[in-house]
Amino acid sequence: MILDFDDLYTTSTVPWDLGEPQPAVVALERAGRLSGSVLDVGCGLGDNAIYLARLGYRVTAIDAAARAVELARRRAAAGGVDVEFAVADATRLDGFDGRFDTVLDSALYHCLTDGQRVRFVAALHRATKPGALLSMLCFSDGTVGGVPAPLPVPERNIRDTLAAGGWDVTDLTSGELLALTGSSHEFLTQYPDAVADAQGRIPMPIWIVRALRG
């Protein structure tokens, strides 16, 4: 893992803590890119999982950071929403074999090393049913308003890694993921022309990936 998430969730406010689902995830759901039993992998503070559960999806949400899962459970309980949260290694997914119709990865893949990405994709294949759908939001090597992503991933890396792991990429387009400017201050000082919205959020460039389990 490139980042120490246990430390981040314990000592700081993370840039992706919007207090609501990522608009890109809302768009995926409205486009019909999620169905059945959903695995939210790298769920963080749980806002995407809670949003989907409120819409009636059966959601299991996992994260390697115990502190993130603890806080996510509190948010779900406060909202009266039923989500199965678990602390788990996304590159192994032990005990989840053959369970899921859909995987949502909102900003985990780009946090992994190349070796971890290979294991991650293989673990997702084991954890899903035949014909399952993967919807992935991953930092790209493009820019939005002149601002690049902090952990850029080239398109070829995604295509090659998914293909080798038994996934068929059926759609890959550019999009945006929102980050809080206050929590991204150190990174954004390199880009003084970056413009935030009224809620103090700035768009980051991503790949929006749709892949089917082979």
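For this chain, numbers begin at 1 and follow the sequence in order.
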Colleague: For the side-chain contact (heavy atoms from CB on, under 4.5 Å) test, which of D40, L108, L93, D89 pairs with I62?
Modeller: L93
Colleague: Can you give me the closest heavy-atom contact between P205 and V147, atom names plus distance?
Modeller: CD-O, 3.7 Å
Colleague: Given side-chain contact (heavy atoms from CB on, under 4.5 Å), test M136 with I158 step by step and report yes or no.
Modeller: CA-CA 10 Å; M136 185 165 77; I158 293 171; 3.7 Å; yes
Colleague: Should Y191 and L177 be counted in the same cluster of Ile, Leu, Val, Met, Phe, Trp and Tyr side chains packed under 4.5 Å apart?
Modeller: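 The answer is yes; both residues are in one hydrophobic cluster.
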Colleague: Are V69 and V59 connected in a single hydrophobic cluster, I mean Ile/Leu/Val/Met/Phe/Trp/Tyr linked by side-chain heavy atoms less than 4.5 Å apart?
Modeller: yes
Colleague: Do L151 and I202 sit in the same hydrophobic cluster, where Ile, Leu, Val, Met, Phe, Trp and Tyr count as joined when their side-chain heavy atoms come under 4.5 Å apart?
Modeller: yes
Colleague: Step by step, work out the side-chain contact (heavy atoms from CB on, under 4.5 Å) result for V83 and L52.
Modeller: CA-CA 9 Å; V83 177; L52 295 175; over 6 Å; no
Colleague: Can you give me the closest heavy-atom contact between L188 and A194, atom names plus distance?
Modeller: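 Taking L188 first and A194 second, the nearest heavy atoms are CD2-CB, 4.4 Å.
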Colleague: Within a reach of under 6.0 Å around CZ of R92, are more than 12 heavy atoms found that belong to other residues, nucleotides or ligands?
Modeller: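 No, because the 6.0 Å sphere around CZ of R92 holds 12 heavy atoms or fewer from other groups.
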Colleague: Hey, is the main chain of L112 close enough, under 3.5 Å, to the side chain of R117 for a donor-acceptor pair?
Modeller: yes
Colleague: Roughly how far, to the nearest 0.5 Å, is CG of D168 from CG of L162?
Modeller: 9.5 Å
Colleague: Could you check whether any side-chain heavy atom of D171 comes within less than 4.5 Å of a side-chain heavy atom of V209, counting everything from C-beta outward?
Modeller: no
Colleague: Using distance alone, with no hydrogens and no angle criterion, decide if Y57 and S37 have a side-chain donor and acceptor under 3.5 Å apart.
Modeller: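 Note: Y57 and S37 side chains miss the donor-acceptor criterion.
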Colleague: Which pair of non-hydrogen atoms, one from A149 and one from F187, has the smallest distance, and what is that distance?
Modeller: C-CZ, 4.1 Å
Colleague: Sub-3.5 Å donor-acceptor pair from the side chain of E70 to the main-chain atoms of R67, do we have one?
Modeller: no
Colleague: In terms of hydrophobic clusters joined by side-chain contacts under 4.5 Å, are F96 and V121 together?
Modeller: yes
Colleague: Give me each pair satisfying salt bridge (charged side-chain N to carboxylate O under 4.0 Å, His left out) with a member in residues 198-208, each pair once, sequence neighbours excluded.
Modeller: E20-R201, D197-R201
Colleague: If you take all heavy atoms of V26 and P21, which pair is closest and at what distance?
Modeller: CG2-CG, 3.8 Å
Colleague: Which residue pairs satisfy the side-chain hydrogen bond (donor to acceptor under 3.5 Å, both in side chains) criterion with at least one member in residues 139-156, sequence neighbours excluded?
Modeller: E155-R159, R156-D160
Colleague: Salt bridge or not for R75 and D17, using N-O below 4.0 Å?
Modeller: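 A salt bridge is present here (some side-chain N lies under 4.0 Å from a carboxylate O).
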Colleague: Where do M204 and A179 come nearest, in terms of heavy atoms and distance?
Modeller: CG-CB, 4.3 Å
Colleague: Identify the two heavy atoms, one from V38 and one from F100, that lie closest to each other, and give their separation to 0.1 Å.
Modeller: C-CD2, 3.9 Å
Colleague: Okay, side chain of D63, backbone of G44: is any donor-acceptor separation there less than 3.5 Å?
Modeller: yes
Colleague: Going only through I, L, V, M, F, W and Y residues with side-chain contacts under 4.5 Å, is there a path from L104 to F139?
Modeller: yes
Colleague: Would you say that W16 contacts S106 through its side chain, given a criterion of any heavy-atom pair below 4.5 Å between the two side chains?
Modeller: no
Colleague: Taking atom CD of E176 and atom CD1 of I206, what is their separation to the nearest 0.5 Å?
Modeller: 8.0 Å
Colleague: Apply side-chain hydrogen bond (donor to acceptor under 3.5 Å, both in side chains) to T181 and list each qualifying residue two or more places apart in sequence or on a separate chain.
Modeller: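 Partners of T181 under the side-chain hydrogen bond (donor to acceptor under 3.5 Å, both in side chains) test: none.
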Colleague: Is there a donor-acceptor contact under 3.5 Å linking the side chains of R99 and T60?
Modeller: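 Their side chains do contain a donor-acceptor pair, which is all the 3.5 Å distance test asks for.
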Colleague: Is there a donor-acceptor pair closer than 3.5 Å between any side-chain N or O of H110 and the backbone N or O of V153?
Modeller: no
Colleague: Quick one: are L137 and W207 in side-chain contact, heavy atoms under 4.5 Å?
Modeller: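 A side-chain contact is absent here, since even the closest heavy-atom pair is not under 4.5 Å.
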Colleague: Given side chains that start at C-beta, do those of Y51 and L55 come closer than 4.5 Å, heavy atoms only?
Modeller: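 Y51 reaches L55 side chain to side chain.
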Colleague: Report the C-alpha distance between L39 and L124 in whole Å, list the side-chain angles of each, state the deciding distance to 0.1 Å, and finish with yes or no for side-chain contact (heavy atoms from CB on, under 4.5 Å).
Modeller: CA-CA 9 Å; L39 172 64; L124 293 184; 4.3 Å; yes
Colleague: Please report the interatomic distance CG(D101) to CG(L34), rounded to the nearest 0.5 Å.
Modeller: 11.0 Å
Colleague: What distance separates L172 CG from I208 CD1, expressed to the nearest 0.5 Å?
Modeller: 9.0 Å
Colleague: Does E186 CD have over 12 foreign heavy atoms under 6.0 Å away?
Modeller: no
Colleague: Taking atom CG of D105 and atom CG of L134, what is their separation to the nearest 0.5 Å?
Modeller: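 Taking CG in D105 and CG in L134, the distance rounds to 7.0 Å.
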Colleague: Hey, what do you get for CZ (R33) to OG1 (T102), rounding to the nearest 0.5 Å?
Modeller: 11.0 Å
Colleague: Is any side-chain heavy atom of V25 closer than 4.5 Å to one of P23?
Modeller: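 Side chain of P23 against side chain of V25, heavy atoms only: no contact under 4.5 Å found.
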Colleague: May I ask you to say whether R73 pairs ionically with E84, meaning some side-chain N is under 4.0 Å from a carboxylate O?
Modeller: no
Colleague: Over 60° means perpendicular and under 30° means parallel, so classify the ring planes of Y109 and F120, tilted if in between.
Modeller: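 Tilted.
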